[in-house]
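Worksheet: one structure, shown below.
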Amino acid sequence: MNNSRVLWIKVWGIAALQGAITLSWVIYNLYLPILLVQLGLGQKIAIALLIGENLIEALIEQIFGRNSDHQQQLFGSRIPVVTAGIVLSSALFIAIPSLIIFAPSNIKKPLFLVLVVAWASAMAIYRSPAMAILGRCATIDSLPQAASVLTLVGGLVGAFRFDAYGLIVEMGADFAFALGSFSLLVAGGILRWFNPSEAPKVVEQHPQR
């Protein structure tokens, strides 16, 4: 394969964000039942929350996916939408355990439900635009190779939950959520630094005459 067909550094920048997104969801899914029990809410609510979040995410991803296409046409970059979504979701993520600790007990339950749905919605803002950037990091015939890096990173981080379940729970919610929030910010910084918004420079080979 001609390496000029894939901007590998920029692909790895997107893969870093994919890994941070997966890590955040691993932490969230592990702690959601625990936090619900702490609040005196049944674990069955977790199922309803996840279903509702998935429906909202599908709608938001579609909306912001179209908007990012328009932004790409105007400014040549999806990075602003992605950056804004990362910062918002990072702040909301660390706010989840903070609410459990500091919020008045009489409003913890409704605020928690609103907060977790808001966080899942914020995650959906930039996931589709971020993944769409991949199309500008590789030519069409090289996209499967580029996408395989994202699949690999997401799969490795996702599998981490089986080996580190006890470790993540022992961290405590405040530390675990802080880790997820920090990983999102770091991955967003890496993505912005590499700024994968330009079309790949492919070396064209002209037939010799």
Side-chain angles (χ1 to χ4, degrees), residues 16-68 78-131 154 157-158 160-161 164-189 191-192:
L17 180 60
Q18 175 69 21
I21 291 172
T22 305
L23 176 62
S24 298
W25 277 106
V26 166
I27 294 171
Y28 176 76
N29 288 330
L30 287 178
Y31 271 98
L32 181 59
I34 298 173
L35 296 178
L36 287 174
V37 170
Q38 288 181 7
L39 290 171
L41 298 170
Q43 291 191 16
K44 292 182 179 179
I45 295 180
I47 299 175
L49 275 176
L50 292 175
I51 293 175
E53 287 169 352
N54 287 332
L55 293 175
I56 294 173
E57 286 178 63
L59 177 61
I60 292 177
E61 280 195 30
Q62 185 177 16
I63 293 173
F64 279 89
R66 289 200 302 265
N67 288 343
S68 71
R78 290 182 171 89
I79 295 297
V81 169
V82 175
T83 301
I86 290 172
V87 172
L88 177 60
S89 62
S90 176
L92 291 173
F93 198 60
I94 193 62
I96 293 174
S98 300
L99 180 144
I100 301 294
I101 298 172
F102 299 110
S105 57
N106 61 325
I107 61 172
K108 277 185 180 181
K109 292 180 182 180
L111 278 182
F112 178 81
L113 297 177
V114 170
L115 184 57
V116 295
V117 172
W119 172 74
S121 301
M123 291 287 281
I125 288 175
Y126 63 89
R127 187 164 51 199
S128 179
M131 297 306 109
V157 176
F160 172 73
R161 70 183 183 273
Y165 173 85
L167 175 62
I168 294 175
V169 173
E170 288 177 2
M171 286 180 181
D174 50 351
F175 185 82
F177 277 77
L179 175 63
S181 178
F182 181 71
S183 69
L184 286 171
L185 291 177
V186 170
L191 181 66
R192 189 170 183 85

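Only heavy atoms go into these numbers, but all of them, side chains included; no hydrogens, no water, no symmetry mates. Worth saying up front: this structure is predicted, and the values here are computed from it rather than measured.
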How far apart are the closest heavy atoms of Ile125 and Gly85, and which atoms are they?
CG2-CA, 4.2 Å
Distance check, rounded to the nearest 0.5 Å: Leu55 atom CG versus Leu50 atom CG?
11.0 Å
Evaluate Phe112 against Leu36 for side-chain contact (heavy atoms from CB on, under 4.5 Å), listing each step before the verdict.
CA-CA 9 Å; Phe112 178 81; Leu36 287 174; 3.6 Å; yes
Just wondering, do Trp25 and Ile21 contact through their side chains at under 4.5 Å, heavy atoms?
yes
Side chain to side chain, Leu185 and Phe93, heavy atoms closer than 4.5 Å:
no
Apply side-chain contact (heavy atoms from CB on, under 4.5 Å) to the pair Ile96 and Tyr31, showing each step before the final yes or no.
CA-CA 10 Å; Ile96 293 174; Tyr31 271 98; over 6 Å; no
So, taking the atom named CG in Leu49 and the one named CG in Asn54, what distance separates them when rounded to the nearest 0.5 Å?
10.5 Å
Measure the shortest side-chain to side-chain distance between Glu53 and Met123 over non-hydrogen atoms and say whether it is less than 4.5 angstrom.
no
Go through Leu35 and Phe177 one step at a time and tell me if the side-chain contact (heavy atoms from CB on, under 4.5 Å) criterion holds.
CA-CA 12 Å; Leu35 296 178; Phe177 277 77; 4.1 Å; yes
First locate atom CD of Gln38, then atom CD1 of Ile101, and finally report the distance between them rounded to the nearest 0.5 Å.
9.5 Å
Please assess Leu88 against Tyr126 for the test side-chain contact (heavy atoms from CB on, under 4.5 Å), listing each intermediate value before the final yes or no.
CA-CA 10 Å; Leu88 177 60; Tyr126 63 89; over 6 Å; no
Examine distances only and state if a side-chain atom of Ser90 and a backbone atom of Ile86 form a donor-acceptor pair shorter than 3.5 Å.
no
Considering all heavy atoms, the nearest Leu17-Ala130 contact
CD2-CB, 3.6 Å
Distance (rounded to the nearest 0.5 Å) between Leu99 CG and Leu92 CG
11.0 Å
Can you name the residues that form a side-chain hydrogen bond (donor to acceptor under 3.5 Å, both in side chains) with Thr83, not counting sequence neighbours?
Arg192
